[in-house]
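What you see is a predicted model, and the numbers here were worked out from it, not measured in a lab.
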Amino acid sequence: MASDCCFAPSSAANWNELQKSTPVNISDLVANATLGGTTGTLTNSSTYAAPGTWIASPIVVSSSPTCVALGTDNLQNVADAAQWNFLNLTANLASSTAIPLRKVLFLRAGTKWQMKISLDFGASTYTEVQLGFLDSAATRGDAQGTFPVVDWTGSFTGVVDLYVTLRFGGAFNIGVWAKSGTNYSMFDMRWIAVVDVSSPAISIQPFQLG
């Protein structure tokens with residue numbers, strides 16, 4: 001059984017323990033994130049886990065993610081990103097693929113790159129979007145009952161591009177919380193961040209204050 005204090009959701013052995021675990025800080029993984037050209041804000045959300053009545057999320061991944069070099073002044077970096085995209089199938093969105101598996105994305109980790117993930121929000125307009133670890137929404141939150149997320153406010157509809165730079169590799173359950181009017185939904189994805197030889201995979205610890 002996990003300790004009663006400050007353990008990650010991944011250490012839980014059952015739902016009793018999962019609800020007692022501590023949310024993980026999304027900024028431990030994400031070095032930068034933009035949605036629709038707007039840089040997100042790191043914040044502690046009071047609504048990520050329980051905003052009200054949930055509805056099924058209409059969001060889908062609209063195209064396979066692509067790697068973009070951040071050092072565009074370095075032609076080798078640009079070529080390296082193009083070669084990585086050529087060699088790696090980052091998603092399988094074919095209609096013959098089981099729907100849950102269409103949300104499994106292979107992304108490139110490392111602060112030299114950003115990954116472009118195109119999300120289709122459908123016909124509805126969303127006024128707030130939050131990006132966080134999905135499992136954190138099952139926890140009790142931090143000492144204030146809040147959850148570390150990347151937050152955007154604005155107007156999001158149709159296909160919107162999410163760009164993320166990932167610090168390290170590993171497999172992560174990610175949640176995209178979205179508000180449309182009085183409706184709230186959570187779109188889940190499985191990010192498998194692939195590391196270069198120079199970027200070893202590491203584990204992350206629970207989010208703690210102080």
Side-chain angles (χ1 to χ4, degrees), residues 10 24-42 59-122 126 129-134 148-152 154-178 187-205:
S10 59
V24 179
N25 196 337
I26 191 64
S27 66
D28 287 349
L29 172 65
V30 176
N32 191 45
T34 64
L35 182 68
T38 301
T39 301
T41 301
L42 292 172
I59 300 174
V60 297
V61 177
S62 67
S63 59
S64 296
T66 55
C67 174
V68 181
L70 289 172
T72 55
D73 57 334
N74 185 323
L75 295 181
Q76 182 57 59
N77 282 359
V78 175
D80 188 274
Q83 291 164 11
W84 192 91
N85 289 326
F86 175 75
L87 292 172
N88 292 276
L89 179 63
T90 55
N92 189 344
L93 306 178
S95 59
S96 57
T97 303
I99 293 175
L101 292 176
R102 299 178 205 173
K103 298 182 285 184
V104 176
L105 309 180
F106 288 85
L107 309 176
R108 190 177 193 179
T111 53
K112 294 194 303 184
W113 322 105
Q114 62 180 351
M115 294 300 302
K116 175 186 175 183
I117 305 170
S118 296
L119 301 176
D120 190 346
F121 284 79
Y126 293 82
V129 176
Q130 298 177 10
L131 176 73
F133 287 107
L134 179 64
V149 300
V150 184
D151 181 85
W152 292 269
S155 179
F156 307 98
T157 187
V159 177
V160 183
D161 292 331
L162 169 67
Y163 286 87
V164 292
T165 296
L166 306 180
R167 299 181 189 275
F168 49 82
F172 310 98
N173 294 322
I174 300 296
V176 176
W177 176 105
F187 175 64
D188 61 295
M189 290 179 284
R190 179 76 166 166
W191 287 0
I192 301 175
V194 182
V195 298
D196 294 329
V197 174
S198 60
S199 303
I202 63 175
S203 61
I204 53 181
Q205 299 302 316

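In this structure, Leu42 CG and Asn25 CG are separated by 7.0 Å, a value rounded to the nearest 0.5 Å. The line from OG of Ser64 to CG of Leu89 is 5.5 Å long, rounded to the nearest 0.5 Å. Once rounded to the nearest 0.5 Å, the distance linking CZ of Arg190 with CG of Leu101 reads 11.5 Å. Distance check: Cys67 SG to Gln114 CD gives 8.5 Å after rounding to the nearest 0.5 Å.
Within 6.0 Å of the CD1 atom in Ile99, the count of heavy atoms belonging to other residues, nucleotides or ligands does not exceed 12.
Of the possible polar contacts, none joining the Ser118 side chain to the Ser62 backbone as a donor-acceptor pair under 3.5 Å is found. Judged by distance alone, with hydrogens and angles left aside, the side-chain atoms of Thr157 form a donor-acceptor pair with the main-chain N or O of Gly122 at under 3.5 Å.
When all heavy atoms of Arg108 and Met115 are compared, the closest pair comes out as N-SD, 3.4 Å. Here the closest non-hydrogen pair linking Val78 and Gly71 is CG2-O, 4.3 Å. Closest non-hydrogen pair, Arg102 versus Ala94, comes out as NE-O, 3.5 Å. Val150 and Ala33 get closest at one heavy-atom pair: CG1-CB, 4.3 Å. When all heavy atoms of Ser27 and Arg167 are compared, the closest pair comes out as O-NE, 2.9 Å. The two residues Val24 and Pro148 come nearest to each other via the heavy atoms O-CG, 3.5 Å.
Within the 4.5 Å cutoff, the side chain of Trp152 has heavy atoms near those of the Leu162 side chain. No side-chain heavy atom of Trp177 sits less than 4.5 Å from a side-chain heavy atom of Val129.
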Q.
What verdict does the side chain to side chain contact (heavy atoms under 4.5 Å, CB included) test give for Trp113 and Leu166, after you've listed the backbone C-alpha separation in whole Å, the side-chain angles of each residue and the deciding distance to 0.1 Å?
A. CA-CA 8 Å; Trp113 322 105; Leu166 306 180; over 6 Å; no
(Q) One pair to check against side chain to side chain contact (heavy atoms under 4.5 Å, CB included): Leu70 and Lys112. What are the steps and the verdict? (A) CA-CA 6 Å; Leu70 289 172; Lys112 294 194 303 184; 5.8 Å; no
Q.
Run the side chain to side chain contact (heavy atoms under 4.5 Å, CB included) test on Asp188 and Asn173 for me, step by step, so that the C-alpha distance in whole Å, both residues' side-chain angles and the decisive distance to 0.1 Å come before the verdict.
A. CA-CA 7 Å; Asp188 61 295; Asn173 294 322; over 6 Å; no
Q | Evaluation steps, side chain to side chain contact (heavy atoms under 4.5 Å, CB included), between Phe187 and Leu119 | A | CA-CA 10 Å; Phe187 175 64; Leu119 301 176; 4.1 Å; yes
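Sorted by first then second residue, the side chain to side chain donor-acceptor pair (under 3.5 Å) pairs that include residues 81-97, not counting sequence neighbours, are Asn92-Thr97.
Annotation: side-chain contact (heavy atoms from CB on, under 4.5 Å) contacts of Leu105 (sequence neighbours excluded): Val61, Pro65, Ala91, Leu107, Ile117, Met189, Trp191. Applying the side chain to side chain donor-acceptor pair (under 3.5 Å) criterion to Asn77, with sequence neighbours excluded, gives no partner residue.
Each of Val68, Leu35, Thr39 was compared with Tyr163 under the side chain to side chain contact (heavy atoms under 4.5 Å, CB included) criterion, and only Val68 meets it.
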